[in-house]
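Reminder, nothing fancy here: chain letters follow the sequence lines and each chain counts from 1. What you see is a predicted model; the values in this text were computed from it and never measured.
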2 protein chains.
Amino acid sequence: MQLDKLVHFHKALGDATRIRIIILLKNGPLHGLAIADRLGLRPPTITHHISKLRDTGMVYARREKNTIYFHLDERKLSFMASAIMRLGEVSEMTEKEFSLTEKEKQTIVNNFVAKDGKLKQIPSQLKKKLVILAYFVRNFEIGKVYDEKEVNEYIKSFHEDYATIRREWIMQQFMYRENNRYELNPVEMWPVTFNE
Amino acid sequence: MQLDKLVHFHKALGDATRIRIIILLKNGPLHGLAIADRLGLRPPTITHHISKLRDTGMVYARREKNTIYFHLDERKLSFMASAIMRLGEVSEMTEKEFSLTEKEKQTIVNNFVAKDGKLKQIPSQLKKKLVILAYFVRNFEIGKVYDEKEVNEYIKSFHEDYATIRREWIMQQFMYRENNRYELNPVEMWPVTFNE
DNA sequence: CAATTAATTAGATATACATCTAATTAGATG
DNA sequence: CATCTAATTAGATGTATATCTAATTAATTG
């Protein structure tokens, strides 16, 4: 399910009147006037809410004579309600954010790092920035503690604006700082990993 | 869970930015500036959204130095997301709507039905109205088909405004009408049942 | 086809809320 | 205590939306 659909589903349930309609429909189909009467609201208000519920697919309509009965599709409701828990799964929208192939990452590096190994500029696009940060941070040793001067010196070897890079490493959780001493965070915390 | 809490939970998820925050936090805790940077938004905007998420309990905060890390409580998220499916269960909010003891129903009947068995007036409060409608509708036989005149005659035996009562029985699904012939709906469809 | 009933549309109103900038608070550190 | 950084608050702005009344459409039936 794509993000937009998920948002609309929860928007649909984010209203007391619509939840009450769901409750009514749990006990079986009902038509508009009956719903309006039970909730103490006017028919146009029910039309408004029902159409939002129908848009998500969790409610559908069946005509009988000139009365329209609204039914709750409990399976759909259940499926969509649980979607938020499945967010991390493959083929979910998460992947759009941060999954890059090694090839793509290499391309980004090639675009921003000169032949002499220096960083031409810090990418402004988040995804690219993270790749670059990951690329250069790998030269620290896991578990080793560095003082600020050491970190600065290393950064200067490939880019002049050491303050920004240092700050980004902390902010993006590649590194951890305590009492001005720096060390790598565990790789699991990195927003992007970089395997050569 | 009470209705209000459920509504607020879904309201909280009914926004693309907040869903994106959830996605980020699924990969581990993050602090405000990092979230702002990843989403391309300003810190106050993040404060705004995070506080809505915290209100529901699905996100909590832990301070480390002067950075505040926000954590996702997946168990709470999962519990609340599934609440909509449990709506019908006992001790849920449904019961507030329509569960009356036989005694309470009898009291309502006593208040609205005179000693001679006539309906004094149609209750305006929904709950009471349904009890009265159920009370009088029981005299029809299950499965038997009535024509409109028969229905009217029966209603007149206890109340003058037969049109209203007849219409309410249809609207509230105590009865079903087809080609001006009337019959009782199955008791499962009644919004209120009445056992003597 | 005229009358009835159910549902929807149109348009108005009032409230909620997502986002921003600017200013402020809170903690940590030199 | 002065400075830095992170987070929050305050206040403004524009958009979204819940509800209503009045008017209209759709289907059924005498």
**Study point:** Whole-Å distance separating the NZ atom of B:Lys65 from the P atom of C:dG30
**Key:** 10 Å

Review point. Between the side chain of B:Lys52 and the main-chain N/O of B:Leu13, is any donor-acceptor distance below 3.5 Å?
Key: no

Practice item. Grab the OH-C1' distance between B:Tyr182 and D:dT29 for me, whole Å please. Key: 12 Å

Practice item. Check whether any side-chain N or O of B:Lys105 sits under 3.5 Å from a backbone N or O of B:Thr193 as a donor-acceptor pair, and report yes or no. Key: yes

Practice item. Searching all strands shown, indicate the nucleotide that pairs with C:dC17 (Watson-Crick or G-U wobble; both distances under 3.5 Å). Key: D:dG14

Check your understanding: Rounded to the Å, how far apart are A:His8 NE2 and D:dA16 P?
Key -> 10 Å

Check your understanding: Do B:Leu119 and B:Phe112 come close enough that some side-chain heavy atom pair is under 4.5 Å?
Key -> yes

Exercise for review: Produce a footprint string for nucleotides 18-26 of chain D: one letter per nucleotide, 5' end first; B if the base is under 4.0 Å from any protein heavy atom, S if only the sugar-phosphate is, - if neither.
Suggested key: BBBBB----

**Study point:** Parallel, tilted or perpendicular: ring planes of A:Tyr146 versus A:Phe140, cut at 30 and 60 degrees
**Key:** perpendicular

Review point. Mind checking what makes side-chain hydrogen bond (donor to acceptor under 3.5 Å, both in side chains) contact with A:Glu148, not counting sequence neighbours?
Key: A:Arg166, A:Asn180, A:Tyr182

Check your understanding: In whole angstrom, what separates A:Glu148's CD from C:dT29's P?
Key -> 13 Å

Check your understanding: How many Å lie between CG on A:Leu33 and P on D:dT28, as a whole number?
Key -> 16 Å

Review point. Does the side chain of B:Phe158 reach to within under 4.5 Å of the side chain of B:Tyr135, using non-hydrogen atoms?
Key: no

